[in-house]
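Following: one structure in structure tokens, then a few remarks.
From a predicted model like this one, the values you see are computed outputs, not experimental measurements. Start at 1 with the first residue, then count along the sequence.
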Amino acid sequence: LLDIVKPLGSAKYVRFETAQVPPHMTGLRQSWYPWPHIEGCTIEEAANELTFMPVGLFGRPLPPQNGGPFRVLFPWKYGFKSGKSLTRITLTDQR
């Protein structure tokens, strides 16, 4: 994805924003956690050859319980540290 968008030299981080659909995501009603969830990584982590963005699982579209329809995975981090149900990806110089 980075090869396609060709980020500016000033971009140091990648910001991932998750979906926020209260009628289908009952946990969003919790007032103590800010939504949408924001996850991030450095440009170097995003460009690592092990980082990938699955859109399917076993030949089918990625289901919501697996972070579908679109997520990012960093195999060297815990699974919960990978952005799930992504709606926006931003390249930024802000940590």
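Taking 4.5 Å as the limit, some side-chain heavy atom of P7 sits within range of a side-chain heavy atom of L2. Between S85 and R71 there is no side-chain heavy-atom pair separated by less than 4.5 Å.
For the pair E45 and T51, the tightest heavy-atom approach, listed with the atom from each and the gap, is O-OG1, 2.7 Å. Minimum heavy-atom separation, V72 to L86: N-CD1, 4.0 Å.
In the hydrophobic cluster analysis, where Ile, Leu, Val, Met, Phe, Trp and Tyr join through side-chain heavy atoms closer than 4.5 angstrom, I43 is grouped apart from L8.
F58 belongs to a hydrophobic cluster whose remaining members, ordered by chain and number, are L57, L62; membership requires side-chain heavy atoms of ILVMFWY residues under 4.5 Å apart, directly or through intermediates.
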Go through the steps for L73 and L50 under the test side chain to side chain contact (heavy atoms under 4.5 Å, CB included), then give the verdict.
CA-CA 9 Å; L73 282 165; L50 296 176; over 6 Å; no

Apply side chain to side chain contact (heavy atoms under 4.5 Å, CB included) to the pair M53 and I89, showing each step before the final yes or no.
CA-CA 12 Å; M53 303 183 91; I89 301 171; 3.6 Å; yes

Apply the test side chain to side chain contact (heavy atoms under 4.5 Å, CB included) to residues W76 and N48: give CA-CA distance (whole Å), side-chain angles for both, the deciding distance (0.1 Å), then the verdict.
CA-CA 11 Å; W76 60 91; N48 186 295; 3.7 Å; yes

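A donor-acceptor pair under 3.5 Å is absent between the side-chain atoms of K77 and the main chain of F74, judged by distance alone. Between the K84 side chain and the S82 main chain, a donor and an acceptor come within less than 3.5 Å of each other.
E44 meets the salt bridge (Lys or Arg N to Asp or Glu O under 4.0 Å) test with no other residue; sequence neighbours excluded.
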Which donor-acceptor pairs under 3.5 Å do side chains of residues 10-20 form with protein atoms, sequence neighbours excluded?
unit_1, atom_1, unit_2, atom_2, d
K12, NZ, G9, O, 3.1
R15, NH1, E17, OE1, 3.3
T18, OG1, H37, N, 3.1
T18, OG1, H37, O, 3.3

